[in-house]
Amino acid sequence: MPDLFPEDLEKWHIFESKLLSIFHSFDTHEIRTPLLESTELFSRSVGNSSDIVNKELYSFLDRNKESLSLRPEGSASVIRAIIQRKQEQEKHKLWYQGPMFRYERPQRGRFRQFHQVGVEYLGFEEGIAEYELISMVLQINKLIGISDYTIKINHLGDELAKESFCNSLTSFLKPHMNELHEKDHARLKSNPLRVLDSKEESTQALLKKGPQFQDFISDASKSFLQNLVGAYTDHCDIQIDKSLVRGLDYYTGIVFETVSKELGAQDAFLGGGRYDNLSKQLGGKDMHAIGFAIGVERIIEILTLEHLKQPLKVGFIVPGEQITKKTYKIADDLRSANNNIILDTFLSEGSLKSQLRRANKNNCSYVIIIGDDEFKNDQVIWKDLSEGGEQELLTSKEVIEKYTNL
Ligand code: HAM
């Protein structure tokens, strides 16, 4: 569970502000749900057969002996909240963000507390919503400058297709248990679909001889997938991956993941899909649902600050001991005039030289200096820190004007 320091969070903030503008343009609104939920919510949604519920939940009994868990993901909580408000029959375009908890083996890109930004579209049947969400993924990647990525996508059919395939796969595999890798025996028992996800060569070889999931999926589903992929092939690298089943039980229909080669073994920085049955499964009314979640730590790892236009920074230097009401008034007026600029006020007293060094180190483009003489004459020095940059003397009025128009 890593600590996050200012230097880590700088990129996060820029990323978050870009995301907010995208959500705004898609008319998608924020929802916040608690970090703790009843354990049952996750076993009934993410599923008892999933690793997330099986091995990774942080659960404990509260004072009333009820089992609670730290949320491992956000979709189940969002659906619970909508059911509780009895709003399953309305349409919702929601986003959320925050920490999630999974007791995984920590490694690069995999933490026990990590952060997701998620989007859930509720009340929209298969169709335009899929296009809208893939478009949103493309917009996000474009706005934050990620170009080297692949969208893997698949169609899991409806609940019926899933069920009849699972039955058929189980009947096929039972007489071949000695050929099926040991690690996959439990998967077959708890959720046969998950066997498709196996990393074991012997299992994959066996699967080739058995029933194929694609044969159980309707032609309508297959052509929907083809059309969806066809609409985006000119815009990004999008590939059908028939082995993509995802690690959460609630999916039916379209599922997708976005991967980057730059990330190493944990290469998915976004995952999602349709889960139309979850509301019913949790005791609510029928409600269509589709969404995705971004792993913030992973997406941040592939961003570089050059991708993100940083706000301009101006240093505010008052050498000596003149941190008086008057100089603060100027800083205050500057911030009110243009709050898109970072005004980096150096609070520690130090020589002009050391404060200028600090301004350079902090990537300030300009500095405003108020020395003894300027202070007396109600003036400031405006200094351009770029190579060969000039400096000029401005009145306190002029500096506000300059700052406003930067
Ligand atoms: P998920 O694939 O389990 O899906 O997680 C989404 C993303 O969270 C992953 O692609 C990954 O980037 C990030 N992530 C997952 N586990 C970790 C970890 N231990 N450390 C760092 N990052 C991690 C879901 O959670 C679904 N609720 C997504 C969804 C929303 N489906 C429909 N709506």
Side-chain angles (χ1 to χ4, degrees), residues 1-2 4 12 15 28 31 33 37 41-42 45-47 50-58 70-82 92-122 124 126 129-130 132-134 136-137 140-141 146 149-154 156 194 197 244-260 262-279 287-303:
M1 296 194 184
L4 295 164
W12 286 51
F15 167 65
T28 298
I31 182 169
T33 60
E37 297 275 359
L41 173 68
F42 301 116
S45 55
V46 176
S50 68
D51 284 352
I52 297 175
V53 168
N54 237 340
K55 312 188 225 165
E56 297 168 2
L57 277 187
Y58 280 92
L70 283 168
R71 63 179 183 192
E73 60 102 53
S75 315
S77 307
V78 169
I79 299 297
R80 190 238 350 106
I82 297 295
H92 308 268
K93 293 179 177 181
L94 301 170
W95 69 269
Y96 53 86
Q97 65 170 329
M100 308 291 161
F101 304 85
R102 298 184 190 176
Y103 191 84
E104 299 202 72
R105 193 169 47 81
Q107 62 182 89
R108 179 179 164 201
R110 196 202 257 166
F111 310 101
R112 289 181 171 171
Q113 175 181 291
F114 60 98
H115 296 74
Q116 285 186 348
V117 172
V119 173
E120 313 293 352
Y121 273 28
L122 310 178
F124 302 90
E126 181 174 273
E130 271 78 354
E132 180 97 333
L133 287 193
I134 300 289
M136 193 189 273
V137 170
I140 292 172
N141 288 344
I146 295 178
Y149 66 92
T150 303
I151 299 181
K152 293 196 215 163
I153 191 161
N154 195 17
L156 298 183
R194 184 105 350 104
D197 223 6
L244 184 71
V245 293
R246 309 251 314 119
L248 303 93
D249 281 356
Y250 50 58
Y251 292 112
T252 52
I254 289 290
V255 286
F256 53 95
E257 275 181 8
T258 304
V259 297
S260 163
E262 289 174 52
L263 283 173
Q266 303 303 319
D267 61 355
F269 62 91
L270 180 153
R274 182 167 280 281
Y275 54 102
D276 282 347
N277 296 324
L278 187 55
S279 173
M287 176 169 62
H288 295 291
I290 178 169
F292 64 81
I294 297 170
V296 181
E297 284 80 357
R298 292 189 194 169
I299 206 166
I300 292 290
E301 194 183 328
I302 47 179
L303 299 184

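Every value quoted in this text rests on a predicted model; they were computed, and no experiment measured them. Counting starts at 1 for both ligands and their atoms, following the listed order.
Within 6.0 Å of OH on Tyr103 lie no more than 12 heavy atoms contributed by other residues, nucleotides or ligands.
Using a 4.0 Å cut-off between heavy atoms, Phe114 contacts ligand 1 through its side chain alone, with no backbone atom that close. Residue Glu120 touches ligand 1 through its side chain alone, judged by heavy-atom distances below 4.0 Å. Contacts between Gln116 and ligand 1 below 4.0 angstrom, taking non-hydrogen atoms only, involve the side chain exclusively. Only the backbone of Leu270 comes within contact range of ligand 1, with a heavy atom under 4.0 Å; no side-chain atom does. Only the side chain of Tyr250 comes within contact range of ligand 1, with a heavy atom under 4.0 Å; no backbone atom does.
Contact annotation: the side chain of Phe269 approaches that of Asn141 to within less than 4.5 Å [non-hydrogen atoms, C-beta and beyond].
With distances taken over non-hydrogen atoms, the option nearest atom 31 (N) of ligand 1 out of Tyr251, Phe292, Tyr275 is Tyr251. Looking at Gly118, Ala268, Ser45 and measuring to atom 10 (O) of ligand 1, the nearest heavy atom belongs to Ala268.
Looking at atom 4 (O) of ligand 1, its nearest protein heavy atom turns out to be Arg246 NH2, 3.0 Å. Of the protein's non-hydrogen atoms, the one nearest atom 13 (C) of ligand 1 is Gly295 CA, 3.5 Å. At the shortest separation from atom 19 (N) of ligand 1 among protein heavy atoms lies Glu104 OE2, 2.6 Å.
Using a 4.0 angstrom heavy-atom cutoff, Gly273 counts as in contact with ligand 1.
Side-chain atoms of Gln113 and Tyr58 form no donor-acceptor pair, as typed in the model, at a separation below 3.5 Å. Side-chain contact, Tyr96 with Thr33: no donor N or O sits under 3.5 Å from an acceptor N or O.
For ligand 1, none of its N or O atoms has an N or O atom of Val119 under 3.5 Å away. Considering backbone and side-chain atoms together, Glu73 places an N or O closer than 3.5 Å to an N or O of ligand 1. Taking distance alone, with nitrogen or oxygen atoms compared against 3.5 Å, Phe111 approaches ligand 1 more closely than that limit.
For ligand 1, the atoms closer than 4.0 angstrom to any heavy atom of Arg110 are 19 (N), 20 (N).
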